[in-house]
Amino acid sequence: MLQVPYLRENTEKALAGLAKRNKDFSATIQSIISVDESRRKLQNELDNLLAESNKISKTIGDLFKEGKREEADGMKARTSEIKEECKSIETNLTQLEEELKHLLYLVPNVPHESVVFGKGADENEVVYSSGETTNLGENKLPHWELCEKHKLIDFELGVKIAGAGFPVYIGKGARLQRALINFFLEEAQKAGYTEHQVPHLVNEASGYGTGQLPDKEGQMYHVGVDDLYLIPTAEVPLTNLYRDVLLKEEQLPIKLTGYTPCFRREAGSYGKDVRGLNRLHQFDKVEIVQLSKQEDSYALLEEMVNHVKGLLNKLELPFRILRLCGGDMGFTSSLTFDFEVYSAAQERWLEVSSTSNFETFQANRLKCRYKGTDGKTQLVHTLNGSALALPRIVAALLENHQDENGVRIPQALVPYCGFERI
RNA sequence: GGAAAGGUGGGUGAGUGGCUGAAACCAACAGUUUGCUAAACUGUCGUACGGGAAACUGUACCGGGGGUUCGAAUCCCCCCUUUUCCGCCA
C-alpha cells in the first residue's frame with residue numbers, strides 16, 4: 001500500500017498518476033489524508049495522557065519507598081481518571097486506524113511515468129517484437145489435439161481426479177515439464193538468482209504482505225481447517241521471506257528464484273480462453289524476485305526483462321513484449337511488462353510472463369527496509385517476474401514446433417529433456 | 001495428538017512488580033595508540049509513530065493478543081512457536 005506521508009506531500013502527483021488507471025481516487029485520498037490527520041491528533045492526546053500517567057506512577061513508587069503511603073494513595077485517583085480517558089481515546093484511535101487501513105487498501109500503486117493512460121488490454125503498448133510469427137499452413141493442430149495425439153497430457157483424467165483445470169501430464173509430456181522447470185531454474189541460477197524451495201501454503205500475514213489479500217481473496221484456494229492459502233505464485237512465499245526484515249544496504253540487491261506449482265481458482269473464466277493449457281487451476285512456474293535499493297530498481301527491471309527475453313529466444317518462440325497501460329496493470333504494480341508468445345495454431349498471443357516493479361508498494365506492507373550507509377532507513381523496492389510459467393510455453397512449443405513428423409524440441413532444451421522429438 | 005520446559009536487543013545471556021529500553025560479554029562502527037597488523041584503551045551501538053528548524057523530546061514495543069495493578073519483561077488467561085519425551089507416520 002501507499003505511504004500516507006507520500007500521499008499527503010504529493011497529492012497532486014499521486015492523483016495524476018493514478019488517473020492513468022482510468023479511475024478517480026481523489027475522494028479516497030482526501031479521506032485518507034483527513035482520517036490520518038485525526039488519527040495523529042488523537043495519538044498525540046493519548047501520548048500526553050500516558051506521559052502524565054507515567055510520571056504519576058513514578059512519583060507513587062518514590063513515595064512508597066519513602067514510606068509515605070497515604071500521600072501515594074491520594075495520587076491514585078488521578079491515574080484512574082486518566083485511565084478512563086485513555087480507554088475512550090484508544091477505542092476511537094483503533095477505529096480510525098482500521099478506517100485508514102481500509103482506505104489505503106482501496107488505492108492501487110501509482111503507475112510509473114512511462115505508463116500510458118488506458119482503459120484495458122487493448123491499449124497496452126507493444127515495446128518489442130521478436131520478429132516473424134510462425135506460419136504453419138494447413139495441417140496445423142492446436143496444442144490440445146497434439147497432446148491427445150502424442151499422449152502428452154490427459155485433461156479428462158485430471159477431471160476425474162480433481163476437476164477441470166488440473167491436467168495429468170504423461171510420459172514425454174511429464175518429462176517436458178520437468179525439463180522446462182530445470183532449464184528455467186538453471187538459467188536463473190546462472191543469472192545470479194539463489195534457488196529456494198518454499199512452502200506451497202502460506203498464512204494470512206503472507207497473503208497481506210504481497211497484496212493478494214484482501215484484494216484477490218477469491219482467487220486463492222483457502223484451506224479452512226488450518227487457515228492457510230495455496231499459493232497463486234511463488235512470489236508470495238519468496239517475497240515474504242523478507243517480511244519484517246531490516247536489511248543492510250550492502251546486502252542489496254537480493255535475487256531469489258524458485259519453482260512452485262501455482263494454484264488459482266480463476267472464478268468466472270470460460271470459453272476458448274480456458275481450452276487446453278490456456279488457463280489452469282494448477283500450473284508450474286519458476287519465479288524470479290528481486291529486492292533492491294530504490295535508485296536501482298528500474299535498471300534491475302530491465303535486467304529481468306532481458307533475462308526472460310533470453311529464455312524465449314532459447315526456446316525459439318516468437319514473442320512480443322507489452323508495456324501495460326494504466327487500466328490493465330495489476331493493483332500493486334508501478335510498471336509491468338507482459339510477455340506474450342504466439343500460439344501458431346490458435347493464432348493468438350498468450351501471456352507467459354509478467355515482470356513488474358512494485359517500488360515500495362509491497363515493501364510498505366511487508367515492512368522490508370534497508371539501512372543506508374548514511375544510517376537512514378528506507379523501504380526496499382520489490383520486483384518480480386515469471387521466468388517462466390509452463391503451460392502456455394508448452395502450448396506454444398507444441399504448436400510452433402510441430403511438423404509432419406511430430407514436434408521438434410528446441411536445441412537448448414534437449415539436454416534437459418533427453419529426447420529431440422515428440 | 002499427549003506431557004514438560006523455554007521464547008529478552010545482531011549474537012550469548014542477566015533480570016520475578018517501580019531505580020529496566022533493559023546488566024554483562026561478544027560482534028559491529030568511530031577514535032586513540034602503531035611503520036603495518038594484532039592487542040589495549042575510549043566512545044557509539046534497537047525499531048516504529050508523533051512533536052521540533054535543530055539540539056532534543058513524548059509514546060509504544062522483552063514471541064503475538066487480552067487481563068490484573070497507580071505501575072508489568074516480571075503476575076494471570078488465550079494463541080503462535082522452539083526443544084525434549086511419548087504416540088502416530090512418508
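We use all heavy atoms of the structure for the numbers below, so side chains are in, but hydrogens, waters and symmetry mates are not. Below, read A as the first sequence line, B as the second, and so on, with proteins coming before strands; counting in each chain starts at 1.
- Put simply, A:Arg369 has a side-chain N or O that comes within less than 4.0 Å of OP1 or OP2 on B:rA48.
- With respect to A:Arg78 and A:Glu52, a salt bridge is recorded, a charged nitrogen being found less than 4.0 Å from a carboxylate O.
- Judged by the 6.0 Å and 45° rule, A:Lys285 forms no cation-pi pair with A:Tyr259.
- The existence of a salt bridge linking A:Glu187 and A:Lys314 is confirmed by a sub-4.0 Å separation between a basic side-chain nitrogen and an acidic carboxylate oxygen.
- Taking a pair to require two hydrogen-bonding distances under 3.5 Å in either a Watson-Crick or a G-U wobble arrangement, B:rA38 remains unpaired.
- Here A:Leu246 lies in heavy-atom contact (under 4.0 Å) with sugar-phosphate atoms only.
- Rounded to an integer number of Å, the gap from A:Lys248 NZ to B:rG11 C1' is 12 Å.
- Under the Watson-Crick or G-U wobble criterion, with both distances below 3.5 Å, B:rA48 is paired with B:rU59.
- The CG atom of A:Leu104 sits 15 Å away from the C1' atom of B:rC49 (whole-angstrom rounding).
- Between B:rC79 and B:rA3, the two P atoms lie 12 Å apart (nearest whole Å).
- Put simply, CZ on A:Arg78 is 16 Å from C1' on B:rG71, counting in whole angstrom units.
- A:Ala14 and A:Leu7 get closest at one heavy-atom pair: CB-CD2, 3.9 Å.
- Taking the P atom of each, B:rU20 and B:rA55 are spaced 26 Å apart, rounded to whole Å.
- For the C1' atoms, the distance from B:rA30 to B:rC45 is 10 Å, rounded to whole Å.
- Look at B:rU12: its Watson-Crick or wobble partner, with both distances under 3.5 angstrom, is B:rA24.
- Separation of the C1' atoms belonging to B:rG6 and B:rC62 is 14 Å when rounded to the nearest angstrom.
- Across all strands shown, B:rG43 forms a Watson-Crick or G-U wobble pair with B:rC29, both key distances being under 3.5 Å.
- Taken from CZ in A:Phe339 to OG1 in A:Thr355, the straight-line distance is 5.0 Å, to the nearest 0.5 Å.
- Which of B:rA48, B:rG51, B:rC49 sits closest to the side chain of A:Thr377 comes down to B:rA48.
- Between A:Tyr208 and A:Tyr105, the two ring planes are tilted [angle within 30° to 60°].
- Residue contacts for A:Thr59: at a heavy-atom cut-off of 4.0 Å it reaches no nucleic acid atom on any strand shown.
- On the C1' atoms, B:rG15 is 11 Å away from B:rA24, given to the nearest whole Å.
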Heavy-atom protein contacts under 4.0 Å, nucleotides 56-65 of chain B, coded B base, S sugar-phosphate only, - none: --BSS-----
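- Remark: A:Lys248 fails to qualify as a cation-pi partner of A:Tyr370 under the 6.0 Å distance and 45° angle criteria applied to the six-membered ring.
- For the pair A:Asn44 CG and B:rG52 C1', the interatomic distance rounds to 12 Å; values are reported in whole Å.
- Rounded to whole Å, the C1' atom of B:rG9 lies 9 Å from the corresponding atom of B:rA22.
- Salt-bridge check for A:Arg408 with A:Glu316: passed, with a basic side-chain N closer than 4.0 Å to an acidic carboxylate O.
- A gap of 15 Å separates the C1' atoms of B:rA73 and B:rG64, to the nearest Å.
- In this structure, B:rG1 forms a base pair with B:rC86, meeting either the Watson-Crick or the G-U wobble geometry with both donor-acceptor distances under 3.5 Å.
- Counting only residues at least two apart or on different chains, the salt bridge (charged side-chain N to carboxylate O under 4.0 Å, His left out) pairs with a member in residues 289-306 of chain A are A:Glu249-A:Lys293, A:Lys255-A:Glu303.
- Here the P atom of nucleotide B:rC45 and the NZ atom of A:Lys371 are 11 Å apart, to the nearest Å.
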Contacts under 3.5 Å, N or O only, protein and nucleotides 67-70 of chain B:
{"from": "B:rC70", "atom 1": "O2'", "to": "A:Ser57", "atom 2": "OG", "distance (Å)": "3.2"}
{"from": "B:rC70", "atom 1": "O2'", "to": "A:Thr79", "atom 2": "OG1", "distance (Å)": "3.3"}

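- Between the CG atom of A:Leu42 and the P atom of B:rC49 there is a distance of 18 Å, rounded to whole Å.
- The nearest whole Å value for the distance from the CZ atom in A:Arg40 to the C1' atom in B:rG52 is 14 Å.
- Shown are A:Leu201, A:Leu228, A:Asp227; of these, the side-chain contact (heavy atoms from CB on, under 4.5 Å) with A:His222 is made only by A:Asp227.
- Atom name P, nucleotides B:rU16 and B:rG11: the rounded distance is 22 Å, in whole Å.
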Give the intermediate values and the outcome of side-chain contact (heavy atoms from CB on, under 4.5 Å) for residues A:Ser356 and A:Leu383. CA-CA 6 Å; A:Ser356 309; A:Leu383 305 97; over 6 Å; no
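- Counting to the nearest Å, the P atom of B:rA48 and the CD atom of A:Gln378 are 12 Å from each other.
- Of the nucleotides present, none pairs with B:rU69 by Watson-Crick or G-U wobble criteria with both distances under 3.5 Å.
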